[in-house]
Engineer: 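First, the structure itself, so that you have it in front of you.
Values in this document were obtained by computation on a predicted structure and should not be read as measured data. Below, read A as the first sequence line, B as the second, and so on, with proteins coming before strands; counting in each chain starts at 1.
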Amino acid sequence: MRDAEIRQLRDLIGQSVRIHGWLYNSRSSGKLRFLVVRDGSGYLQSVVFKPGVEERVWDEAGRATQESSLWVTGRVKEDPRSPGGVELEVADLGIVSLCPEYPITPKEHGPDFLLNNRHLWLRSKRQHAIMRVRNELVFGIRDFFYQRNYVNIDSPILTPAACEGTSTLFETDYFGEKAFLSQSGQLYLEPAAAAHGKVYCFGPTFRAEKSKTRRHLMEFWMVEPEVAWMRFPELLDLAEEFVSSLVARVLDRCKHELEWLERDVSKLEPAASRPYPRIDYGDAITKLQGLGYEAKFGDDFGGDEETALSDDSGKPTMITRYPAAIKAFYMEPDADDPARALAVDVIAPEGYGEIIGGSERIGSYDLLEQRIREHNLPREAFEWYLDVRRYGGFPHSGFGMGIERVVSWMCGLQHLREAIPYPRMLNRLYP
RNA sequence: UCCGCAGUAGCUCAAUGGUAGAGCAUCCGGCUGUUAACCGGAGGGUUGGGGGUUCGAGCCCCUCCUGCGGAGCCA
C-alpha cells in the first residue's frame, strides 16, 4: 500500500493506494456511497459498495460529513462515469477528524458571507483554481526576469516618506517616528539599477485610498522592473513582451484551471502574441471625443474611458505620452514636447482596467530637483533619491504591474477580491 | 467622501399594511452508478439596532449600523 496524491492516479490504474484528504461532497444510493475526496492536488470520486466492504467501513462512509478529514484506501480504476475519468474502489476508510456542520455548502452564497469565511472559501474548487493561476503567474514573472538576467532586489515595506504623496499612505509608529507602508518599490529600485543594471522587485504594496470598486484593494502585489540605460521605446517593447509571454504561459499551463473557471480563452488568446495596439494620449483624447465623451487634453481617464479606448481584439492597449502634469514627478519629459511625459499605461481588455503604469525616469539632477520643488515634496526626504542622479546619473526606465488585476483578467473574475488569498478591502480586515 | 441598492432560518431567497414560507444545509428513513443526485419525514425565526405612524408593521416614515454596486483615485 502506497500513499499517493490524487493528481498521480491517472498513472496508477489498477494499483492500491491510500489517499489523505477532506470530504468535498458525498452522495448515496442504497448500497452505494460516492465520496468525493479532495487533497489539494485534485478531486477523487471514491466508491463504497456495501457488499464489498466490512460493515465498519460502510458505516464510517455514512458518518463522514462535508470537509471531514479522512483517509481512504482502495484500487484505482478507470471509469467514464466518474468526474475526471478515474475513481477509487474503496477497501478501507478512516475519519481523522469529523467536521461539524460546514458553513460553505455546495449551494450559492453571497460575497459578504464568503469573505467572512475566506479561510474556508479557499478550499472551494473555484478559489482553488484561481490560486493555481496566481501561482503560475508569479512563477512566470520570476522566470521571465531570471532568464533575462535581471536581479531580484526587494524594496522595503516600512518607509520614512511617501513616494508619490502622503494622503493615501497607511501610517504606523516606528519607535516614536512616523513610518508608512510602501505604496511602490520604485524609488528604492532605481539605486539598485545603478548597481546591477537590470533589477526588479516583487512584493506587497499598500494604498489607503477609500476605493470601493471591483478593481481596487488596500493591499496588493506589484512587480516592478527597473532597467539602466533603457529608453522609452524599449520600455514599451519590454512591457509588451512581458505581458504577452505571461498570458501564453498561463494559457499553456493552466488549461484545467481556466476550464473550471469557465474562462472563455478565445478572449485571452490574442493577448499571447505581439504586437499590442499603441495609442498616443493626444489621439486617445480625440478618439474619446469622437465617441461622445467630454474629454480634453490634460484629463486622466476614468474606468469607462479606459474601456472605450481598449481594443476589442482582445489585446491590451498601450496609451503613451501622457501630460506631465497628471503624472508622477520623476517621469522624464518628452524631448519633442516637454508638456508630455514619457509615460505608458497598459490597459487590459474586457474592462479589466490599467494593469501596468510605467515611464522613463528623469536622468538629470537639476530637473529632478526642480520637480521635487514644484510638487512641494520634502527635499530632505529625497536626498538619497537625488544621489542616484548626483553620483553618475543615467537614463533608465521601468514599470509596475499589479498582480491581482492580471489574475482577475486571466481568470475572468467579476471582482479583484478573489485574486488574492486574503483580500484587504475598505472595512474588511478579517480573517 | 458622494450617488444608488439591500439587510427575513446556518446559507440563498419568498411573503397586497392582516396567521412569517421554500430550497439547500442538519437529524431520521428509503434507493446497486450518483454527477450541486433523488424521494419521504422532523427540528430550526426577537424579520440588522433604536424611535415613530396605525386597530394592526417584515412591508410605511425618521435615524443609526452593516454589506453590495458605482464615482473620484489608482495597479
Engineer: Measure from CG on L169(A) to P on rC73(B) and round the result to the nearest Å.
Structural biologist: 18 Å
Engineer: Describe the nucleic acid contact of P103(A) in one word from base, sugar-phosphate, nothing, applying a heavy-atom distance below 4.0 Å.
Structural biologist: nothing
Engineer: Mind checking the P distance from rU32(B) to rU19(B)? Whole angstroms is fine.
Structural biologist: 45 Å
Engineer: On a heavy-atom basis, which atom in K107(A) and which in H109(A) lie closest, and how many Å separate them?
Structural biologist: O-CD2, 3.1 Å
Engineer: Walk along nucleotides 20-25 of chain B from 5' to 3' and tag each nucleotide B, S or - by protein heavy-atom contact under 4.0 Å, base first, then sugar-phosphate.
Structural biologist: ----SB
Engineer: Heavy atoms only, 4.0 Å cut-off, all strands: where does E87(A) land among base, sugar-phosphate and nothing?
Structural biologist: base
Engineer: Run Q66(A) and Y24(A) through side-chain hydrogen bond (donor to acceptor under 3.5 Å, both in side chains) and show every step you take.
Structural biologist: CA-CA 6 Å; Q66(A) 187 192 357; Y24(A) 193 72; over 6 Å; no
Engineer: In this structure, how many angstroms lie between the P atom of rG10(B) and the CZ atom of F113(A), rounded?
Structural biologist: 11 Å
Engineer: In terms of the angle between their ring planes, are W221(A) and F202(A) parallel, tilted or perpendicular, with boundaries placed at 30° and 60°?
Structural biologist: perpendicular
Engineer: Are the ring centres of Y281(A) and F301(A) closer than 6.0 Å?
Structural biologist: yes
Engineer: For nucleotides 64-68 of chain B, tabulate all protein N/O to nucleotide N/O atom pairs closer than 3.5 Å, reporting atom names and distance.
Structural biologist:
{"from": "rG67(B)", "atom 1": "OP1", "to": "N427(A)", "atom 2": "O", "distance (Å)": "3.1"}
{"from": "rG67(B)", "atom 1": "O3'", "to": "R428(A)", "atom 2": "NH2", "distance (Å)": "3.4"}
{"from": "rC68(B)", "atom 1": "N4", "to": "K212(A)", "atom 2": "NZ", "distance (Å)": "3.2"}

Engineer: Just the rounded figure in Å: distance from P of rC73(B) to CZ of R405(A).
Structural biologist: 13 Å
Engineer: Whether the Y430(A) and N116(A) side chains hold a donor-acceptor pair (N or O, under 3.5 Å, no angle test) is what I'd like checked.
Structural biologist: no
Engineer: Contact class for D79(A) vs. all strands (heavy atom < 4.0 Å): base, sugar-phosphate, or nothing?
Structural biologist: base
Engineer: Roughly how many Å apart are rC24(B) and rC38(B), using the P atom of each and rounding to a whole number?
Structural biologist: 7 Å
Engineer: State whether a side-chain donor-acceptor pair under 3.5 Å links Y200(A) with R142(A).
Structural biologist: yes
Engineer: With a cut-off of under 6.0 Å to the ring centre and 45° to the axis, is R424(A) in cation-pi contact with Y422(A)?
Structural biologist: no
Engineer: Rounded off to whole Å, could you give me the CD-to-P distance for the E306(A) and rC74(B) pair?
Structural biologist: 10 Å
Engineer: Pick the P atom in rG48(B) and in rC13(B), then give their distance to the nearest Å.
Structural biologist: 14 Å
Engineer: Which residue, L416(A) or T65(A), contacts RNA chain B at a nucleotide closer to its 5' end, judged by nearest heavy atom?
Structural biologist: T65(A)
Engineer: Taking the six-membered ring of Y276(A) (Phe, Tyr or Trp), confirm whether the NZ or CZ of K315(A) is under 6.0 Å from its centre and within 45° of its axis.
Structural biologist: no
Engineer: Within this structure, what is the OH-to-C1' distance between Y322(A) and rC73(B), rounded to whole angstrom?
Structural biologist: 14 Å
Engineer: Is there a residue in residues 353-362 of chain A whose heavy atoms reach under 4.0 Å of RNA chain B, and which residues are they?
Structural biologist: E354(A), I355(A), I356(A)
Engineer: Output the rounded distance in Å from CZ (F220(A)) to P (rC73(B)).
Structural biologist: 16 Å
Engineer: Counting only side-chain heavy atoms from C-beta out, which of rU34(B), rC73(B), rG33(B) sits nearest to R27(A)?
Structural biologist: rU34(B)
Engineer: In this structure, how many angstroms lie between the P atom of rA71(B) and the OH atom of Y293(A), rounded?
Structural biologist: 11 Å
Engineer: Below 4.0 angstrom, N of the basic side chain to O of the carboxylate: do R123(A) and D39(A) qualify?
Structural biologist: no
Engineer: Show me the protein contacts with nucleotides 29-32 of chain B, counting only N or O atoms at under 3.5 Å.
Structural biologist:
{"from": "rC31(B)", "atom 1": "N3", "to": "G30(A)", "atom 2": "N", "distance (Å)": "3.1"}
{"from": "rC31(B)", "atom 1": "N4", "to": "S28(A)", "atom 2": "OG", "distance (Å)": "3.2"}

Engineer: Sticking with atom P, work out how far rG58(B) lies from rG7(B), rounded to a whole angstrom.
Structural biologist: 14 Å
Engineer: Show me the dot-bracket string of RNA chain B, counting Watson-Crick or G-U pairs under 3.5 Å, with | for pairs to another strand and [ ] for crossing ones.
Structural biologist: (((((((..((((....[..)))).(((((.......))))).....(((((..]....))))))))))))....
Engineer: Please round to the nearest 0.5 Å and tell me the distance separating atom OG1 of T168(A) and atom NZ of K210(A).
Structural biologist: 12.5 Å
Engineer: Given the side-chain rings of F329(A) and F382(A), with only the six-membered ring counted for Trp, is the space between their centroids under 6.0 Å?
Structural biologist: yes
Engineer: Could you go through the side-chain hydrogen bond (donor to acceptor under 3.5 Å, both in side chains) check for T65(A) and S68(A) one step at a time?
Structural biologist: CA-CA 6 Å; T65(A) 51; S68(A) 288; 2.8 Å; yes
Engineer: Considering only the P atoms, how many Å lie between rC74(B) and rU12(B), rounded to the nearest integer?
Structural biologist: 35 Å
Engineer: Both Q45(A) and N25(A) contact RNA chain B. Taking the nearest nucleotide for each, which residue is further toward the 5' end?
Structural biologist: Q45(A)
Engineer: Distance check, P atoms only: rC28(B) and rG50(B), in whole angstrom units.
Structural biologist: 37 Å
Engineer: Looking at F145(A), is K198(A) sitting on its ring face, NZ or CZ under 6.0 Å from the six-membered ring centre and within 45 degrees of the normal?
Structural biologist: no
Engineer: Considering only residues two or more places apart or on different chains, which pairs with a residue in residues 252-263 of chain A satisfy side chain to side chain donor-acceptor pair (under 3.5 Å)?
Structural biologist: R263(A)-E350(A)
Engineer: Between E234(A) and R231(A), does any NZ, NE, NH1 or NH2 come within less than 4.0 Å of an OD or OE carboxylate oxygen?
Structural biologist: no
Engineer: Which distance, rounded to the nearest 0.5 Å, do you find between the CG of L288(A) and the NZ of K296(A)?
Structural biologist: 12.5 Å
Engineer: With respect to the side chain of K210(A), which nucleotide from rU1(B), rG33(B), rC73(B) is positioned closest?
Structural biologist: rU1(B)
Engineer: Look at the side chain of H109(A) and the base of rC11(B), then say whether one donor and one acceptor between them are separated by less than 3.5 Å.
Structural biologist: no
Engineer: Verify the neighbour count for atom CD of E108(A): are there more than 12 heavy atoms of other residues, nucleotides or ligands below 6.0 Å?
Structural biologist: no
Engineer: What I want to find out is whether R75(A) reaches E89(A) closely enough, with some N-O distance under 4.0 Å, to be called a salt bridge.
Structural biologist: yes
Engineer: Whole Å only: how far is the CD atom of Q186(A) from the C1' atom of rA75(B)?
Structural biologist: 13 Å
